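Just so we're clear, the structure is a prediction, and the values are computed from it rather than from any experiment.
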Amino acid sequence: MDATGAQSHAAHISTPYPMASFETPAHRCHHHSCGELHCCALRPPMVKFSKQFEGQLVPEWKEAFVDYWLLKKDIKKLQAAAGVEAAPPQSQFQAPVAASHWVMRLPFLNPHGQHKEHSAIQVHRKLASSGNHGAVAGEVYETEVLDAAGFAGAEAEAARAFFQRLDEQLNKVNRFYERKEGEFLERGECLRRQLQILVELKAAVTEARRRGGSSAAGSADLEDPSVSCSILHGDQSLRGITKQEHESQEKLADNATAKNTDEGEDHLSISEGLGDSGRIEKPTEEVANKLMTFSGRAVTCQGRSVRINIPVTTPSRTVFAIRELLFDDMLSQSRKTGGNGGDGGEKLSINKKKVHQAEKMIRGALVELYKGLGYLKTYRSLNMLAFVKILKKFDKVTAKEVQTIYLKVVESSYFNSSDKAIRLMDDVEELFVRHFASGDKRKAMKYLKPNQKEESHATTFFIGLFTGGFVALFIGYCIMAHISGMYTHQSNKVYMSTSYPVLSMFSLFFLHLFLYGCNIFMWRKTRINYAFIFEFAPTKELKYRDVFLICTTSMTIVVGVMFAHLTLIVKGYSSSTVQAIPGCLLLVCYIQRYICNVYCQCCYTRMRLTLLFIQVFLLVLVCPFKILYRSSRYHFLIAIRNIILTPFYKVVMVDFFMADQLCSQVPLLRTLEYLACYYITSSYKTQDYGYCTRVKHFRDLAYAVSFLPYYWRAMQCARRWFDEGDINHIVNLGKYVSAMLAAGTKVAYENDNSAGWLSLVVIVSSVATIYQLYWDFVKDWGLLQFNSKNPWLRNDLILKQKYIYFISMGLNLLLRLAWLQTVIHPNIGSLDSRVTLFFLAALEVIRRGLWNFYRLENEHLNNAGKFRAVKVVPLPFHEVEEN
């Protein structure tokens, strides 16, 4: 920066640095950031600080942290230039002078702060008139290495390069901290206004309920007396509302806020009112409280102009919003020409239910704000500790004393001296306790700072135990199947049509779950914040050990029962005895009979083993008791519900991610449809296993099931386009339409093995495969960027070995060509064709597991590129200009 752009104060920091101040960073870290840093106090000596630093930093803000590793490289260059090894520890050679050295630095013995030795560096503090690249205007630091330091030649150049880099890191940290602090202060001020509106509105609704107690019988709203309001006609559509929400998130995530130089101003005081969209509007004292209805119209409530915005996330709200969108013009014309009086208003009620929805939104926004402020405290403490460590290394290598000089500058810099975020964090905690926890701080902390679920060694033990059991039983099952001639062309057709589908179905499901556990392990190892991307609660998310335990336990039970079943069949036992194998499931059957009051005394003499498997699996899935990962099971069921009812539910990341998984489980869905048909039609009584494949409408249903995952995913793309207006979602929809067309031509070719249909299968499937590969590599994985610094990949890579990306792309290409089995009809020796199809289905599941890792890697890098570490919750009360 030149002299015209900055005013140099030439702050020659050569005063002594007291010992108490030297210990301040560690002391501050211990007292202020224990929760966010998992106790920032140093771990045992064998853990290097660089690994501790990398393990505790906020992943999405990694680029904004001190680049500790680059500074270490500069010190190594300095050491190489000096041509000497690092200075020996003080405990061996410098112990005799240590006491006098520190005594002379005590303030009361050296009041003027002058060292006996000459200072090695001089730090200049400058005021930048403007920031570049989104930098906030403020202080910048430049360090000058003095001649008195004793550096010469290459060593002097290396020392200057080190301090230049150190200044860049300090300035970067200050700019980022100030920008994020400004964003959180802005959000805090907005939430404080939102809470004021909420409190007033709740009081109004309560008063209306009290007044309406006697006249409720004649009220139009019998369910809930509400505040009567008149509509001020607005012009916002559903997409406009959603677009404003996205603009709000981008504004809060990306915009740099101007530095507030008024030191006496309160940390929540902002001169101009800012709505949740980030726009500068009327001053706060002039802006009336506003709410937004589902359609985005302003209403006047008890003499106050308000707008309320409840997100369109449920089917009822979606239908209401679509109706408003379709008939908005018609209603507007009728209001203009109608005889509604002077203001042309109509009545609208804001009842307790809407107020409750607004309260939930504000509560979620406060939780996210508190989390973000916690991350900011982590950012400050870790960076302060990094400066301490790197300067200590410099002093050790050069035998100079610059740590105390430079650390005083760091401690007085903005990121370490500002307490606005700390005070705001205390205010948020106080507001949450008062408004959402009824004064119970312990209850509030369960929301604001939830405890992480501790991992148990017992889980690891049982994983090993059940893994060994599964391997032993599976080997035994394979041997028994080989001896009995199962899974070949001459195998038992009844067994292959009734029992084998159950084994294949559960195998595909738990293989997919096992790969998801592997994904979680890799995401955690590479610091990909999958919990934030999927919006998982930290106290309820499944760890990879939990997933592995579920897989190993379930597959041990399944393979064990199948092994016993096959053993009895080979020994020639009667059908009724064989069907009574799963005695361990008897208790479950009796519980189910008791709950549902279903007569099932002949459960084990007339129903097949496969039906029991499905019953037990579904019973465990919907079990209401707080056992067997109830929260995870219910979240899974909610995601399936949202997928089935798409496009009526708002699409979030976990929903379309789950729908993509279903696209790879079409064989499992077809097997499930076949088994459902087999038992619903009572074919198990006559063992007519071919009935569901002979009857036309059941065969058509099987084909429809093959289309369903692609249809659901296409509808999700349509809903996202409707909400966001992004044309990329329409292009993505085309990918799933092409997949449905390819599946349709395969079905037609199965019915008519003519050359014409074969040609059409090859053409349509080839186009669909190219479409899907392009979207996988370019859109979902973010690869094949020709101008990136990593050719054919992308600029930012989490995995260090680049060849892994090329191998993964090659595997994805090969596994995408699984549709060729329709044309080639491959057979592996004498194996039954259904076994071959199972292997192909398993390869598709493996491909999906590979796809999952890179899909979330790309999503994480997008979040990191925008420094997006917390979710910006849309706020219910939207401030707008009155016309």
Side-chain angles (χ1 to χ4, degrees), residues 29 33 35-40 42-43 47-72 169 172-173 176 180 253 368 371-372 374-383 385-386 389 450 452-455 515-539 541-548 653-654 657 780-783 790 793-802 804-805 808 849-871:
C29 183
S33 303
E36 293 77 16
L37 291 176
H38 310 292
C39 290
C40 188
L42 291 179
R43 297 176 181 177
V47 179
K48 290 186 177 180
F49 173 74
S50 58
K51 293 200 175 290
Q52 176 191 352
F53 184 66
E54 185 176 16
Q56 293 181 353
L57 56 80
V58 182
E60 289 80 7
W61 294 354
K62 184 176 181 179
E63 294 299 321
F65 276 82
V66 172
D67 197 336
Y68 184 78
W69 300 271
L70 195 59
L71 291 171
K72 281 181 64 177
Q169 297 300 313
K172 177 184 73 174
V173 169
F176 181 81
K180 280 296 174 183
E368 291 298 321
K371 185 190 299 184
Y375 288 157
L376 201 60
K377 286 178 63 177
T378 299
Y379 180 80
R380 178 167 82 169
S381 301
L382 272 181
N383 281 315
L385 200 56
K389 288 294 183 179
Q452 295 286 340
K453 185 171 63 174
E454 295 183 359
E455 296 183 356
L515 291 173
Y516 175 67
C518 295
N519 288 146
I520 294 178
F521 175 78
M522 289 302 300
W523 290 331
R524 291 189 63 181
K525 187 176 180 63
T526 55
R527 301 276 292 160
I528 293 175
N529 197 352
Y530 70 95
F532 168 66
I533 295 173
F534 289 139
E535 301 180 18
F536 288 159
T539 57
E541 62 167 310
L542 283 178
K543 309 294 185 182
Y544 68 91
R545 287 187 178 90
D546 298 321
V547 177
F548 289 155
M653 177 72 183
V654 69
F657 186 84
D780 289 338
W781 294 3
L783 303 176
N790 300 306
L793 299 176
R794 58 172 117 83
N795 289 330
D796 298 320
L797 301 174
I798 289 183
L799 301 180
K800 297 179 180 180
Q801 294 80 9
K802 298 179 184 178
I804 295 179
Y805 292 92
S808 299
L850 185 70
W851 179 90
N852 290 344
F853 174 81
Y854 295 106
R855 177 65 183 88
L856 251 68
E857 179 198 24
N858 189 40
E859 187 72 19
H860 173 79
L861 291 175
N862 289 335
N863 289 337
K866 298 176 182 178
F867 300 107
R868 188 165 50 208
V870 292
K871 182 176 65 172

Any side-chain heavy atom of [X] within less than 4.5 Å of one from [Y]?
{"X": "Tyr375", "Y": "Lys180", "answer": "no"}
{"X": "Leu376", "Y": "Trp61", "answer": "yes"}
{"X": "Tyr805", "Y": "Leu799", "answer": "yes"}
{"X": "Glu857", "Y": "Thr526", "answer": "no"}

Problem set entry | Distance flag, aromatic centroids of Phe548 and Phe521, threshold under 6.0 Å | no
For this session: Could you label the plane-to-plane angle of the Phe53 and Trp69 rings as parallel, tilted or perpendicular, counting under 30° as parallel and over 60° as perpendicular?
Result: tilted
Exercise. Is the Tyr530 ring parallel, tilted or perpendicular to the Phe536 ring (thresholds 30°, 60°)?
Worked result: perpendicular
Shortest non-hydrogen contact from [X] to [Y]?
{"X": "Lys172", "Y": "Phe65", "result": "NZ-O, 2.8 Å"}
{"X": "Gln56", "Y": "Arg527", "result": "C-NH2, 4.1 Å"}
{"X": "Ala64", "Y": "Val173", "result": "O-CG2, 4.0 Å"}
{"X": "Asn529", "Y": "His860", "result": "N-ND1, 3.4 Å"}
{"X": "Gln169", "Y": "Leu71", "result": "CG-CD1, 4.3 Å"}
{"X": "Trp781", "Y": "Arg794", "result": "O-NH2, 2.7 Å"}

Exercise. Strictly by modelled atom types, are Tyr68 and Glu54 linked by a side-chain donor-acceptor pair under 3.5 Å?
Worked result: no
For this session: Taking side-chain contact (heavy atoms from CB on, under 4.5 Å) as the test, write out the residues that go with Glu535, two or more places apart.
Result: Lys871
Please report the interatomic distance [atom1]([X]) to [atom2]([Y]), rounded to the nearest 0.5 Å.
{"X": "Leu385", "Y": "Arg380", "atom1": "CG", "atom2": "CZ", "answer": "13.5 Å"}
{"X": "Leu382", "Y": "Lys389", "atom1": "CG", "atom2": "NZ", "answer": "12.5 Å"}
{"X": "Ile533", "Y": "Asn863", "atom1": "CD1", "atom2": "CG", "answer": "5.5 Å"}
{"X": "Tyr544", "Y": "Lys525", "atom1": "OH", "atom2": "NZ", "answer": "9.5 Å"}
{"X": "Glu63", "Y": "Leu57", "atom1": "CD", "atom2": "CG", "answer": "10.0 Å"}
{"X": "Asn858", "Y": "Asp796", "atom1": "CG", "atom2": "CG", "answer": "10.0 Å"}

Would you mind writing out the side-chain donor-acceptor pairs for residues 849-856 within the sub-3.5 Å range, not counting sequence neighbours?
{"unit_1": "Trp851", "atom_1": "NE1", "unit_2": "Asp776", "atom_2": "OD1", "d": "3.3"}
{"unit_1": "Trp851", "atom_1": "NE1", "unit_2": "Asp780", "atom_2": "OD2", "d": "3.4"}
{"unit_1": "Asn852", "atom_1": "OD1", "unit_2": "Gln661", "atom_2": "NE2", "d": "3.0"}
{"unit_1": "Asn852", "atom_1": "ND2", "unit_2": "Asn519", "atom_2": "OD1", "d": "3.3"}
{"unit_1": "Asn852", "atom_1": "ND2", "unit_2": "Gln661", "atom_2": "OE1", "d": "3.1"}
{"unit_1": "Asn852", "atom_1": "ND2", "unit_2": "Arg848", "atom_2": "O", "d": "3.4"}
{"unit_1": "Tyr854", "atom_1": "OH", "unit_2": "Ser808", "atom_2": "OG", "d": "2.5"}
{"unit_1": "Arg855", "atom_1": "NH1", "unit_2": "Glu859", "atom_2": "OE1", "d": "3.2"}

Exercise. Is any side-chain N of the basic residue among Glu541 and Lys543 closer than 4.0 Å to the acidic one's carboxylate O?
Worked result: yes
